[in-house]
Amino acid sequence: MNVGVIFGGRSVEHKVSVASARTVSRALEDAGHRVVPLGIAPDGCWVHHDLASRALAGGLDDLPPVGAPVVSTFGHLLSVEVDVLFPLVHGTWGEDGTLQGLCEMLDLPYVGTGVLSSAAAMDKAVAKQLLQAAGLPVVDYEVISRGPWSEDPEDGLSRLGRFEPPIFVKPSVGGSSVGISKVPDKSCLRTAIDLALRFDDRVIVEAGIDGRELECAVLGYQELEASVLGEIVPGKDFYDYADKYLEDGAQLLAPADLDDGTAADLRAVAVDAFAALGGWGMARVDFLLEAPAPLAPVPGDGRFYINEVNTLPGFTSISMYPRLWELSGVPISALVDRLVEIAVERHRDRRRLDDGIKGWIAEVSSE
Ligand SMILES: Nc1ncnc2c1ncn2[C@@H]1O[C@H](COP(=O)(O)OP(=O)(O)O)[C@@H](O)[C@H]1O
Ligand SMILES: [Mg+2]
């Protein structure tokens, strides 16, 4: 099939997306597909195919801004012949339902989950509410909104009295740890909230968990499956922006060293979490596993919480999502091939549902 790989984009994860697209393109070709490179510059413009091809071939690590009205560059997307789209744009304007909406309007099958679950997973406040409603474990949190906060910060702070340091403060919509603070002292809460409000109008304040960070890859359509677990060991106080992209201190361990019972629980909850957000295709579900108290009466690992669900996980050669599937017996070429297959199945089902509606309208109209 002709697969349009969409990469780059406006978010801070532009470079990661280029690297992800290279890995995926090679895997798609190994699986017998033809790759059509579709690049989005940091200013949102769709770039010329030659430039996109050069980036995929390794000649460019990021796409230069085009400096034109975005809409005037859509010709680069519309002129290609593709059977399926493979969006690989991480973060905002890519992972948040917007690009998925564009794919829907183009009436093309696309890899990954749909508009609603993309948007819900991207918004940490919405995702937590849906996960909680499904009875799944999330850490204790509060949402602070810009309007009430700017009017009466004291009232906002009074709702946060139950949290004891370390407290995490993060923009509700975000990624790459941008705008996230680990607050060591309650007197720093106000500054941390103001910082997070630079990146979104709503901010999450939540209990910091002293423990381990685990990740699980989920894949499927009508039935979702979970991979083995991986573990991130941050090189710093927490897995912040510098630790993710600027320094080389973090360790990505796979498979994670876990007892069988905890691993099975995490895998089951990973599937339930993605299902609770209405997802299909792929997701990486990230967990926080509390360290057991030193004098815990029962030995073993502590409680765990879903930290977040990423619907467009990193796909570089060292990224957890493809690594965890590889370790679970699904090599990357089979993985991307399955994702393309799911995209086609989903598109077919969507058409069938749409035909069903039209057929029903025709029936009732002719009665
Ligand atoms: N409640 C928490 N307790 C402990 N560490 C946390 C907590 N929330 C976030 N972190 C740390 O901050 C990092 C980034 O937070 P996360 O919610 O995953 O945001 P992002 O979407 O930017 O990746 C996590 O990988 C983890 O290291
Ligand atoms: Mg994260």
Side-chain angles (χ1 to χ4, degrees), residues 11-13 16-17 89-96 118-129 131-132 136-144 160 162-184 189 192-193 195-196 198-200 202-218 229-247 249-253 256 270 273-274 277 283-291 302-314 319-321 324:
S11 84
V12 290
E13 290 163 275
V16 183
S17 169
V89 179
H90 308 299
T92 33
W93 291 293
E95 190 168 346
D96 56 357
S118 297
M122 188 73 193
D123 187 316
K124 292 183 168 74
V126 171
K128 278 180 196 291
Q129 282 164 26
L131 295 171
Q132 264 181 322
L136 297 169
V138 295
V139 297
D140 186 21
Y141 72 100
E142 282 286 337
V143 180
I144 298 282
L160 307 177
R162 69 180 184 281
F163 295 103
E164 287 304 325
I167 303 166
F168 272 81
V169 178
K170 26 180 129 162
S172 186
V173 174
S176 300
S177 301
V178 172
I180 299 188
S181 307
K182 180 175 182 178
V183 178
L189 259 180
I193 292 169
L195 173 75
R198 280 173 54 188
F199 305 95
D200 193 19
R202 279 171 315 139
V203 164
I204 306 271
V205 178
E206 68 181 41
I209 300 300
D210 175 19
R212 299 166 67 185
E213 282 189 57
L214 297 156
E215 304 194 336
C216 184
V218 178
L229 277 295
E231 178 164 9
I232 303 284
V233 183
K236 305 182 67 184
D237 200 18
F238 72 98
Y239 200 27
D240 67 5
Y241 181 82
D243 207 20
K244 283 180 181 176
Y245 301 122
L246 306 178
E247 291 154 15
Q251 288 172 273
L252 279 66
L253 310 176
F274 195 31
L277 302 184
R284 198 193 68 226
V285 181
D286 298 351
F287 293 95
L288 297 165
L289 176 68
E290 219 164 44
R303 291 167 57 81
F304 64 82
Y305 308 88
I306 301 157
N307 181 36
E308 60 162 350
V309 177
N310 293 285
T311 54
L312 241 164
S319 293
M320 272 293 194
Y321 189 83
L324 293 177

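Just so you know, ligand 1 is whichever comes first in the structure, and atom 1 is the first atom listed for that ligand. In this text the structure is predicted, and so the values were computed from the model without any measurement. Heavy atoms only: backbone and side chains are in, while hydrogens, waters and symmetry mates are out. Sequence positions, counted from 1, serve as the residue numbers for this chain.
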Drop me the distance from Leu131's CG to Leu277's CG, to the nearest 0.5 angstrom.
-> 5.0 Å
Which atom pair, heavy atoms only, marks the closest approach of Thr92 to Met122?
-> N-CE, 3.7 Å
Give the residue and atom name of whichever protein heavy atom lies nearest to atom 22 (O) of ligand 1, and the separation in Å to one decimal.
-> Ser177 N, 2.6 Å
CG (Asp210) with more than 12 external heavy atoms under 6.0 Å = no
Check: of Tyr239, Tyr305, Phe199, min heavy-atom distance to atom 13 (C) of ligand 1 comes from Tyr239
Under-4.0 Å heavy-atom contact with ligand 1, by part of Ala207 that carries it = backbone
Out of curiosity, Leu189 CG to Leu160 CG, how far, rounded to the nearest 0.5 Å?
-> 6.0 Å
With a 4.0 Å cut-off on heavy atoms, does Ser176 reach ligand 1?
-> yes
For Ile180 and ligand 1, does the shortest N/O to N/O distance drop below 3.5 Å?
-> no
Per-atom contacts, ligand 1 versus Leu288 - under 4.0 Å to a heavy atom | 1 (N), 2 (C), 3 (N), 7 (C)
With sequence neighbours left out, what residues match Tyr239 under side-chain hydrogen bond (donor to acceptor under 3.5 Å, both in side chains)?
-> none
Among protein heavy atoms, which sits nearest to atom 24 (C) of ligand 1, and what does the distance come to when rounded to 0.1 Å?
-> Glu213 OE1, 3.5 Å
Distance from Ile232 atom CD1 to Leu252 atom CG, nearest 0.5 Å?
-> 3.5 Å
Which residue owns the protein heavy atom closest to atom 8 (N) of ligand 1, what's the atom, and how far is it?
-> Lys170 NZ, 2.9 Å
Out of curiosity, Glu308 CD to Asp286 CG, how far, rounded to the nearest 0.5 Å?
-> 5.0 Å
Quick one: do Asp237 and Lys182 make a salt bridge, cutoff under 4.0 Å?
-> yes
Does Asn307 come within less than 4.0 angstrom of ligand 1, counting non-hydrogen atoms of the residue?
-> yes
Can you pull out the closest protein heavy atom to atom 21 (O) of ligand 1? Residue, atom name and distance to 0.1 Å, please.
-> Lys124 NZ, 2.7 Å
What protein N/O/S atoms are found closer than 2.8 Å to the Mg ion (ligand 2)?
-> Glu308 OE2
Quick one: which ligand 1 atoms are inside 4.0 Å of a heavy atom on Lys244?
-> 20 (P), 22 (O), 23 (O)
Check whether any N or O atom of Ile209, backbone or side chain, sits under 3.5 Å from an N or O atom of ligand 1, and answer yes or no.
-> yes
Show which atoms of ligand 1 fall inside a sub-4.0 Å distance from at least one heavy-atom site of Glu206.
-> 1 (N), 2 (C), 7 (C), 8 (N)
Could you grab the distance from atom CG of Asp140 to atom OH of Tyr305, nearest 0.5 Å is fine?
-> 9.0 Å
Would you call Glu206-Lys128 a salt bridge at under 4.0 Å N-O?
-> yes
Protein residue, atom and distance nearest to atom 12 (O) of ligand 1, heavy-atom basis = Phe238 CD1, 3.2 Å
Does CZ in Arg162 sit with more than 12 non-hydrogen atoms of other residues, nucleotides or ligands closer than 6.0 Å?
-> yes
Using heavy atoms and a threshold below 4.0 Å, how should the contact between Phe168 and ligand 1 be classified: side chain, backbone, both, or neither?
-> side chain
Pairwise distance OG(Ser172) to CZ(Phe199) - rounded to 0.5 angstrom = 14.5 Å
Report yes or no: does Lys182 have a heavy atom closer than 4.0 Å to ligand 1?
-> no
Would you mind reporting whether Arg202 and Asp123 have side-chain heavy atoms less than 4.5 Å apart?
-> yes
Would you indicate whether the side-chain heavy atoms of Glu142 and Phe163 approach each other to under 4.5 Å?
-> yes
